[in-house]
Peer 1: 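Here you go, one structure.
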Amino acid sequence: QVQLVESGGGLVQAGGSLRLSCAASGRTLSINAMGWFRQAPGKEREFVAGISRSGGITYYADSVKGRFTISRDNAMNTVSLQMNSLKPEDTAVYYCAADRSPQVHSTTRSYDYWGQGTQVTVSS
């Protein structure tokens, strides 16, 4: 099994920045692609960003492209999401996810492990 723990959420004003981190433990050698998703109240969980094991392939949702950057440190078993130019519509619970597959997917059903989530609130 793999355990994922997110950190770094909080309250920030519009235009500000936050950096989310996700630490993986357990059978981390089974992890390939990793991703970040978010879920706002009353909405479905949606893809934010994904990254391959090597870090050489990254994908972003159109809504965050150019503002968010996903990265990972395999030696530390962490994946991070740098969020800049935050907007009120970025407010959501952000979830880290890990996939045993090497492909970077954007659907929730593709990921095998999930963290508990961290709240990000952007005030206007």
Side-chain angles (χ1 to χ4, degrees):
Q1 284 288 355
V2 172
Q3 294 76 44
L4 303 173
V5 178
E6 303 96 337
S7 62
L11 173 65
V12 64
Q13 288 188 333
S17 299
L18 279 176
R19 184 177 181 86
L20 304 183
S21 293
C22 172
S25 61
R27 299 186 65 180
T28 56
L29 289 179
S30 67
I31 297 174
N32 280 291
M34 297 192 75
W36 285 95
F37 288 73
R38 66 187 182 187
Q39 187 167 18
K43 295 188 177 182
E44 293 188 353
R45 193 170 298 188
E46 65 175 5
F47 173 77
V48 175
I51 188 168
S52 63
R53 183 172 181 84
S54 69
I57 298 173
T58 57
Y59 291 123
Y60 296 91
D62 288 342
S63 58
V64 307
K65 206 170 291 183
R67 300 188 297 122
F68 291 10
T69 303
I70 188 171
S71 61
R72 68 189 291 171
D73 183 338
N74 291 331
M76 298 297 291
N77 294 315
T78 59
V79 62
S80 299
L81 185 69
Q82 177 66 42
M83 306 186 294
N84 299 328
S85 302
L86 283 161
K87 304 175 181 180
E89 50 263 44
D90 295 318
T91 295
V93 177
Y94 282 70
Y95 297 90
C96 172
D99 190 354
R100 289 174 294 186
S101 166
Q103 288 82 23
V104 181
H105 297 288
S106 61
T107 56
T108 57
R109 64 179 181 270
S110 300
Y111 288 80
D112 301 294
Y113 308 105
W114 292 86
Q116 294 299 307
T118 185
Q119 177 70 46
V120 171
T121 303
V122 184
S123 64
S124 58

Peer 1: Side chains of Ser63 and Arg38: does their closest heavy-atom pair fall under 4.5 Å?
Peer 2: yes

Peer 1: Taking ring pair (Phe, Tyr, Trp, His ring centres under 6.0 Å) as the test, write out the residues that go with Phe37, two or more places apart.
Peer 2: Phe47, Tyr111, Trp114

Peer 1: Under the side-chain hydrogen bond (donor to acceptor under 3.5 Å, both in side chains) rule, collect the residues that match up with Ser17, sequence neighbours excluded.
Peer 2: Asn84

Peer 1: Can you tell me how far apart NE2 (His105) and CG (Asn32) are? Round to the nearest 0.5 Å.
Peer 2: 10.0 Å

Peer 1: Please enumerate all residues that pass side-chain hydrogen bond (donor to acceptor under 3.5 Å, both in side chains) together with Glu89, with sequence neighbours excluded.
Peer 2: none

Peer 1: Spell out, as yes or no, whether a donor-acceptor pair under 3.5 Å connects the side chain of Glu6 to the backbone of Gly117.
Peer 2: yes

Peer 1: For Gln116, I'd like to know if atom CD has over 12 heavy atoms of other residues, nucleotides or ligands within 6.0 Å.
Peer 2: no

Peer 1: Quick one: salt bridge (charged side-chain N to carboxylate O under 4.0 Å, His left out) partners of Lys65, sequence neighbours excluded?
Peer 2: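 In terms of salt bridge (charged side-chain N to carboxylate O under 4.0 Å, His left out), with neighbours along the sequence ignored, Lys65 is linked to Asp62.
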
Peer 1: Under the side chain to side chain contact (heavy atoms under 4.5 Å, CB included) rule, collect the residues that match up with Glu44, sequence neighbours excluded.
Peer 2: none

Peer 1: Can you tell me how far apart CZ (Arg72) and CG (Asn77) are? Round to the nearest 0.5 Å.
Peer 2: 8.5 Å

Peer 1: Could you work out the complete set of other residues in the hydrophobic cluster of Leu81, with links drawn between I, L, V, M, F, W and Y side chains under 4.5 Å apart?
Peer 2: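 Listed partners: Val2, Leu4, Val12, Leu18, Leu20, Ile31, Met34, Trp36, Val48, Ile51, Tyr60, Val64, Phe68, Ile70, Val79, Met83, Leu86, Tyr94, Tyr113, Val120, Val122.
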
Peer 1: Determine the minimum heavy-atom distance between Gly56 and Ser52, stating which atoms define it.
Peer 2: N-OG, 3.4 Å

Peer 1: Going by the rule salt bridge (charged side-chain N to carboxylate O under 4.0 Å, His left out), which residues pair with Asp99 if we only count those two or more places apart in sequence or in a different chain?
Peer 2: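 With sequence neighbours excluded, Asp99 shows a salt bridge (charged side-chain N to carboxylate O under 4.0 Å, His left out) to no residue whatsoever.
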
Peer 1: Please name all residues satisfying salt bridge (charged side-chain N to carboxylate O under 4.0 Å, His left out) with Arg53, sequence neighbours left out, ordered by chain then number.
Peer 2: none

Peer 1: Specify the closest pair of heavy atoms between Pro88 and Ser124, including all atoms of both residues, with the distance to one decimal.
Peer 2: CG-CB, 3.8 Å

Peer 1: Who are the salt bridge (charged side-chain N to carboxylate O under 4.0 Å, His left out) partners of Arg100, not counting sequence neighbours?
Peer 2: Asp112

Peer 1: Enumerate the disulfide bond (SG atoms under 2.5 Å apart) contacts for residues 22-124, please, sequence neighbours excluded, ordered by first and then second residue.
Peer 2: Cys22-Cys96

Peer 1: With sequence neighbours left out, write down each residue that passes side-chain hydrogen bond (donor to acceptor under 3.5 Å, both in side chains) with Ser101, or none if nothing qualifies.
Peer 2: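 In terms of side-chain hydrogen bond (donor to acceptor under 3.5 Å, both in side chains), with neighbours along the sequence ignored, Ser101 is linked to Gln103.
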
Peer 1: How about Ser80 and Arg19: do any of their side-chain heavy atoms sit closer than 4.5 Å?
Peer 2: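 Touching, per the 4.5 Å side-chain cut-off.
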
Peer 1: Could you pull out all residues at least two apart from Thr121 that satisfy side-chain hydrogen bond (donor to acceptor under 3.5 Å, both in side chains)?
Peer 2: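 Partners of Thr121 by the side-chain hydrogen bond (donor to acceptor under 3.5 Å, both in side chains) criterion, ordered by chain and then number, come out as Gln119.
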
